[in-house]
Amino acid sequence: MYREILDALIEQHGPQRWWPAEDPFEIMVGAVLVQRTAWRNAALAIRALKEAGVLRPDRLDDLRREALAALIRPAGFFRLKARRLQSMARFVVAAGGLRALSAQPTAGLRAALLTIRGVGPETADAILGYAFERPVFVVDAYARRLSARLAHPAPGPSDADLKAGCERELVSARDLNELHALIVRHGQVYCRAMAACDGCALRPRCGYHPERVPAERQLS
DNA sequence: CACCAGGGTGGTT
DNA sequence: AACCACCATGGT
């Protein structure tokens, strides 16, 4: 099921090789900055952090919160995210760095990440998958929409079931990361650009925003 | 002008 | 457990 979706999406869009970042901590920062935000805007904030030379746990922790907020302004929710980034930076410092963290088993590391203010299930999984290369599937808005559409007209699986299903079938971090990246890519291409699924690799059982698909093209 | 983007939190019903 | 308001910028 998910393997076939992965293959179809690779065929259509090619390998994605996410996450675009130079190092694991940049991925962690990006995962917070992109929350409910277009990646373009998160990228502007990351660039500002790099230019200021503060894209490191210790430097981020030392910055004054107003100064950090000003730097990440383009990402939106900047005061909120400044606080979240500092709680994350402090967490990393307190844990003894990324090397120490990466020694933990996945389940424990996930639980630890979830104790950070502003890191929920999705952000934790993005960090686990892309920064720590653990075999987890990131259930985000795009994955949820696709899953709901595939199950239509039945109600889609819960987030937990979707995540578990993907992780059972696609065992490797590489495949799970690639599936998530491709679902996002696919969603960005077809979500608004097309009213329905013309040219879609998953035709006829795909579509985003089912409520926007004309009734005569809805799945029965 | 309205609507949306790779969520999470705290409070209310 | 299921809602809700809130957080805020930049693009279409």
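Residue numbering restarts at 1 for every chain, and letters A, B, ... go by the order of the sequence lines.
Taking the six-membered ring where the residue is Trp, A/Tyr130 and A/His180 present tilted rings, their angle falling between 30° and 60°.
When every heavy atom of A/Arg65 is checked against every heavy atom of A/Arg83, the shortest pair comes out as NH2-NH2, 3.1 Å. When all heavy atoms of A/Val139 and A/Arg144 are compared, the pair lying nearest together is O-NH2, 3.5 Å. Here the closest heavy-atom approach between residue A/Lys163 and residue A/Val136 is recorded as NZ-CB, 3.8 Å.
No option in A/Asn177, A/Leu128, A/Leu176 other than A/Leu128 meets the side-chain contact (heavy atoms from CB on, under 4.5 Å) test with A/Arg134.
The distance from atom CG of A/Leu33 to atom P of B/dA5 is 18 Å, rounded to the nearest whole Å. A/Arg145 places its CZ atom 13 Å from the C1' atom of B/dG7, with the value rounded to the nearest Å.
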At a cut-off of 3.5 Å, list every protein nitrogen or oxygen paired with a nitrogen or oxygen from nucleotides 8-12 of chain C, distance to 0.1 Å.
| unit_1 | atom_1 | unit_2 | atom_2 | d |
| --- | --- | --- | --- | --- |
| C/dA8 | OP1 | A/Phe77 | O | 3.3 |
| C/dA8 | OP1 | A/Phe78 | N | 3.2 |
| C/dA8 | OP1 | A/Arg79 | N | 2.8 |
| C/dA8 | OP1 | A/Leu80 | N | 2.9 |
| C/dA8 | OP2 | A/Arg79 | NE | 3.3 |
| C/dA8 | OP2 | A/Arg79 | NH2 | 3.3 |
| C/dA8 | O4' | A/Phe77 | N | 2.8 |
| C/dT9 | OP1 | A/Arg73 | NH2 | 3.4 |
| C/dT9 | O2 | A/Asn41 | ND2 | 3.3 |
| C/dG10 | O4' | A/Asn41 | OD1 | 3.3 |
| C/dG10 | O4' | A/Asn41 | ND2 | 3.1 |

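Rounded to a whole angstrom, the distance from the P atom of B/dG8 to that of C/dG10 is 23 Å. Nucleotides C/dA5 and B/dC3 are separated by 15 Å at their P atoms, to the nearest Å.
Consecutive Watson-Crick or G-U pairing (both distances under 3.5 Å) extending over three or more pairs maps onto DNA chain B as B:2-5 with C:9-12, B:7-13 with C:1-7.
In this structure, A/Leu60 and A/Phe25 have side chains that are in contact, with non-hydrogen atoms separated by less than 4.5 Å.
Applying the salt bridge (Lys or Arg N to Asp or Glu O under 4.0 Å) rule to pairs touching residues 23-39 of chain A yields A/Glu26-A/Lys50, sequence neighbours excluded.
Distance alone, capped at 3.5 Å, places no donor-acceptor pair between the A/Ser147 side chain and the A/Arg145 backbone.
Nearest-nucleotide assignment on DNA chain B puts the 5′-proximal partner with A/Glu122, out of A/Arg117 and A/Glu122.
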